[in-house]
Amino acid sequence: MHLTDAEFSLISEMVFELSGVVLDKSKSYLIEGRLAPVAKEAGCENFNELYFKVRHQGDRALKEKVVDAITTHETLFFRDTSPFEALEHKVIPELLDKKSAKNDRRLRIWSAACSTGQEPYSVAMILDRLIGNSRDWNVSILGSDISSMAITRASLGIYSDHEMERGMKPEMRRAYFERVKEGWRVKDHIRAMVSFRKLNLLEPFKSLGTFDIVLCRNVAIYFNKEDRRDLFFRIKEVLTQDGYLFAGSSEMLTDLGPEFRPQYHCRTMVYQPNLPVDTLRHSHK
Ligand SMILES: C[S@@+](CC[C@H](N)C(=O)[O-])C[C@H]1O[C@@H](n2cnc3c(N)ncnc32)[C@H](O)[C@@H]1O
């Protein structure tokens with residue numbers, strides 16, 4: 001199915017409005033490759049018809065298929081290694097100590113744009129190594145993504161041999177997965193730590209409450225500058241004062257001004273929120 005220039009404009013604008021993902025002309029091949037099968041399955045003869053069905057006929061199921069198909073779901077267990085080392089050796093132990101001192105036994109983590117779940121499950125496995133089955137801690141990990149297909153797969157928690165080979169060490173596989181017909185399933189005690197929901201990061205998310213750790217990795221790279229800035233500022237609002245933000249390894253937040261304090265741990269950059277000057281003055285009194 002060929003994409004005309006006029007169709008490129010319509011479809012890229014629709015994708016932007018649905019997901020914030022920016023597709024410039026160099027990404028025409030993505031529209032052709034990923035959306036042509038969706039269009040054909042929906043009985044459309046061309047991309048114009050696809051646009052019309054989603055935008056003017058309000059076909060919600062088709063809209064979800066478009067979002068599922070056009071978003072990039074590339075992920076793997078313990079992606080980039082060093083962020084997970086920083087979590088295990090610095091960030092989580094430090095948070096547990098600080099919280100213990102305040103008798104606060106709750107730890108909330110958010111994997112925003114979790115794709116098919118490898119990221120939040122990797123965090124859950126690290127937490128299991130650190131606090132095991134301690135009943136002292138109330139741990140919850142939220143995985144969210146705009147893609148219904150990704151969230152359905154993440155909730156299933158079943159991974160193919162190929163997906164397991166990408167990042168999962170054999171000893172971790174033995175400890176945290178069981179063999180099932182379809183592949184490897186995350187064991188129940190790890191699944192119990194993680195919940196999933198569909199969420200578009202461009203929409204308000206303050207109602208989720210606050211988090212001690214937010215991982216927002218490899219998603220803002222698809223947004224424009226304003227949406228990216230706005231997203232990280234809104235994430236700051238849901239981070240606890242001692243909380244940590246992890247961005248993707250190629251995503252520097254240093255252009256966001258003084259909102260975040262970058263720190264380097266275990267060869268990875270992590271960010272803590274800077275308090276407004278007034279609050280700082282107050283806390284030194
Ligand atoms: C490349 S994956 C990153 C997965 C994981 N964070 C990682 O780093 O391995 C990007 C994910 O962002 C999701 N995404 C794209 N636009 C989004 C939006 N507006 N709101 C929430 N998720 C979005 C996609 O569906 C996709 O699963």
Side-chain angles (χ1 to χ4, degrees), residues 11-23 27 30-31 34-35 38 63-87 109-126 141-157 159 162-168 194 196-208 211 213-235 238 244-253 268-271:
I11 298 282
S12 57
E13 178 203 303
M14 175 175 85
V15 167
F16 175 68
E17 278 171 24
L18 294 178
S19 64
V21 171
V22 175
L23 297 169
K27 300 277 165 47
L30 275 186
I31 298 181
R34 293 179 181 181
L35 293 187
V38 176
K63 180 175 116 182
E64 294 212 340
K65 282 185 189 161
V66 166
V67 170
D68 286 347
I70 204 66
T71 42
T72 300
H73 305 291
E74 165 65 12
T75 189
L76 59 149
F77 288 107
F78 300 100
R79 184 175 189 172
D80 301 330
T81 313
S82 55
F84 294 91
E85 289 173 353
L87 275 173
I109 300 174
W110 179 23
S111 164
C114 67
S115 186
T116 40
Q118 285 88 334
E119 185 174 274
Y121 287 131
S122 299
V123 177
M125 289 172 217
I126 285 178
I141 304 169
L142 171 67
S144 70
D145 200 282
I146 195 174
S147 158
S148 326
M149 178 276 295
I151 287 299
T152 304
R153 276 221 54 209
S155 313
L156 265 179
Y159 297 95
H162 175 64
E163 286 168 320
M164 294 296 280
E165 277 154 22
R166 302 185 69 210
M168 186 53 60
V194 191
F196 293 97
R197 66 186 279 177
K198 193 177 151 189
L199 188 143
N200 180 352
L201 288 171
L202 296 190
E203 290 172 4
F205 47 70
K206 232 178 165 175
S207 62
L208 296 177
F211 295 92
I213 301 169
V214 176
L215 300 102
C216 184
R217 306 166 66 219
N218 306 304
V219 58
I221 46 171
Y222 300 104
F223 297 166
N224 67 24
K225 219 171 146 190
E226 294 76 44
D227 286 341
R228 172 181 167 272
R229 270 178 85 86
D230 180 60
L231 171 62
F232 285 117
F233 288 167
R234 287 183 299 122
I235 287 178
V238 298
Y244 284 92
L245 166 65
F246 286 71
S249 55
S250 63
E251 303 171 77
M252 286 290 165
L253 304 192
T268 203
M269 197 70 96
V270 296
Y271 300 86

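For ligands, and for the atoms within them, numbers begin at 1 and follow the listed sequence. Please read these numbers as outputs of a predicted model, since none were measured by experiment.
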S.K.: Which atoms of ligand 1 sit under 4.0 Å from any heavy atom of S115?
M.R.: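 Reading through ligand 1 atom by atom, the close ones are 4 (C), 27 (O).
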S.K.: What atoms in ligand 1 come closer than 4.0 Å to a heavy atom of S147?
M.R.: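 Per the distance check, 25 (O).
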S.K.: Please check if any side-chain donor atom of T72 sits under 3.5 Å from a side-chain acceptor atom of R34, or the reverse.
M.R.: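 On atom types as modelled, these side chains qualify, holding a pair under 3.5 Å.
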S.K.: With heavy atoms of L199 as the reference, note each atom of ligand 1 found under 4.0 Å away.
M.R.: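 Near L199, meaning under 4.0 Å from one of its heavy atoms, ligand 1 has 20 (N), 21 (C).
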S.K.: May I ask whether S19 places a heavy atom under 4.0 Å from ligand 1?
M.R.: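 The answer is yes, since S19 has a heavy atom less than 4.0 Å from ligand 1.
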S.K.: Would you say the rings of F196 and Y121 are close, in the sense that their centroids are separated by under 6.0 Å?
M.R.: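 Yes, the ring centres sit under 6.0 Å apart.
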S.K.: Counting N and O atoms only, with roles assigned by atom type, does the side chain of Y222 sit under 3.5 Å from a partner on the main chain of G20, one being a donor and the other an acceptor?
M.R.: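 Checking the backbone N and O of G20 against the side chain of Y222, no donor-acceptor pair under 3.5 Å is found.
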S.K.: Tell me the contacting part of T116 for ligand 1: side chain, backbone, both, or neither, using a 4.0 Å heavy-atom threshold, strictly below.
M.R.: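 It is neither part, as no heavy atom is under 4.0 Å.
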S.K.: Do the two ring centres, one from Y159 and one from F77, sit under 6.0 Å apart?
M.R.: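 Ring centres of F77 and Y159 closer than 6.0 Å.
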S.K.: For atom 17 (C) of ligand 1, what is the closest protein heavy atom, and at what distance to 0.1 Å?
M.R.: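 So the nearest neighbour among protein heavy atoms is I146 CG2, 3.6 Å.
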S.K.: I need the atoms of ligand 1 closer than 4.0 Å to a non-hydrogen atom of N200, numbered in the order shown.
M.R.: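 Ligand 1 atoms under the 4.0 Å threshold to N200: 18 (C), 19 (N), 20 (N).
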S.K.: Rounded to the nearest 0.5 Å, what separates atom OG in S144 from atom CG in L201?
M.R.: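 Spacing of OG (S144) from CG (L201) equals 5.5 Å.
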S.K.: If you measure from atom 16 (N) of ligand 1 to every heavy atom of F246, F223, F205, which option wins on shortest distance?
M.R.: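 The option holding the nearest heavy atom is F223.
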S.K.: Does a donor on one side chain sit under 3.5 Å from an acceptor on the other, for S147 and D68?
M.R.: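 Distance-only check passes for S147 and D68.
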S.K.: May I ask you to identify the nearest protein heavy atom to atom 11 (C) of ligand 1, giving residue, atom name and distance to one decimal place in Å?
M.R.: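 For atom 11 (C) of ligand 1, the nearest protein heavy atom comes out as D145 OD2, 3.6 Å.
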S.K.: Looking only at protein heavy atoms, identify the closest one to atom 4 (C) of ligand 1 and say how far it is in Å.
M.R.: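 Going atom by atom, the protein heavy atom closest to atom 4 (C) of ligand 1 ends up being A113 O, 3.4 Å.
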S.K.: Should Y222 be counted as touching ligand 1, given the test is an N or O pair under 3.5 Å?
M.R.: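 No: no nitrogen or oxygen of Y222 is under 3.5 Å from one in ligand 1.
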S.K.: Could you tell me whether E17 and K63 have a side-chain N and a carboxylate O separated by less than 4.0 Å?
M.R.: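 No, no charged N to carboxylate O under 4.0 Å.
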S.K.: With the threshold set at 4.0 Å, does a side-chain nitrogen-carboxylate oxygen contact exist between R197 and D145?
M.R.: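 Salt bridge: no.
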S.K.: Which ligand 1 atoms, with their elements, are less than 4.0 angstrom from a heavy-atom of T71?
M.R.: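 Answer, ordered by atom number: 15 (C), 24 (C), 25 (O).
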S.K.: Considering heavy atoms of the protein only, find what lies nearest to atom 7 (C) of ligand 1 and give residue, atom and distance to 0.1 Å.
M.R.: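 Residue, atom and distance for the closest contact: R79 NH1, 3.2 Å.
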S.K.: What residue and heavy atom of the protein are closest to atom 10 (C) of ligand 1, and at what distance?
M.R.: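 Among all protein heavy atoms, the one nearest atom 10 (C) of ligand 1 is T72 O, 3.3 Å.
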S.K.: Please report which non-hydrogen protein atom sits nearest to atom 9 (O) of ligand 1, along with the residue it belongs to and the distance in Å to one decimal place.
M.R.: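 So the nearest neighbour among protein heavy atoms is T75 OG1, 2.6 Å.
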S.K.: Against heavy atoms of E119, which atoms of ligand 1 measure under 4.0 Å?
M.R.: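 Counting atoms of ligand 1 from 1, those under 4.0 Å from E119 are 5 (C), 6 (N), 7 (C), 8 (O).
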S.K.: Determine whether the side chain, the backbone, both or neither of R217 has a heavy atom under 4.0 Å from any heavy atom of ligand 1.
M.R.: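 Both of them.
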S.K.: Run the contact test for V67 against ligand 1 with a 4.0 Å cut-off on heavy atoms, strictly below, and give the result.
M.R.: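 No, V67 has no heavy atom closer than 4.0 Å to ligand 1.
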S.K.: Short N/O distance, under 3.5 Å, between A150 and ligand 1?
M.R.: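 N/O-N/O distance under 3.5 Å: no.
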S.K.: Decide whether Q118 and T75 meet the rule of one side-chain donor and one side-chain acceptor closer than 3.5 Å.
M.R.: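 Q118 vs T75: no donor-acceptor pair found between side chains.
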S.K.: Any sub-3.5 Å donor-acceptor pair from S82's side-chain atoms to T268's backbone N or O?
M.R.: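 No, because the side chain of S82 does not come within donor-acceptor range (under 3.5 Å) of the backbone of T268.
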S.K.: Counting only heavy atoms, which portion of N218 has something under 4.0 Å from ligand 1: side chain, backbone, both, or neither?
M.R.: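 Contact part for N218 vs ligand 1: both backbone and side chain.
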S.K.: Looking at L201, which atoms of ligand 1 are within less than 4.0 Å of one of its heavy atoms?
M.R.: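 The atoms of ligand 1 under 4.0 Å from a heavy atom of L201 are 18 (C), 19 (N), 20 (N), 21 (C).
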S.K.: Main chain of E226, side chain of N224: is a donor-acceptor contact present, judged purely on distance under 3.5 Å?
M.R.: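 Confirmed, N224 side chain pairs with E226 backbone.
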S.K.: Flag the pair E119 and R79 as a salt bridge only when some basic side-chain nitrogen lies within less than 4.0 angstrom of an acidic carboxylate oxygen.
M.R.: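 Judged by the 4.0 Å cut-off on N to carboxylate O distance, E119 and R79 do not form a salt bridge.
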S.K.: Looking at R234 and E203, does any basic side-chain N land under 4.0 Å from a carboxylate oxygen?
M.R.: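 No, R234 and E203 are not salt-bridged.
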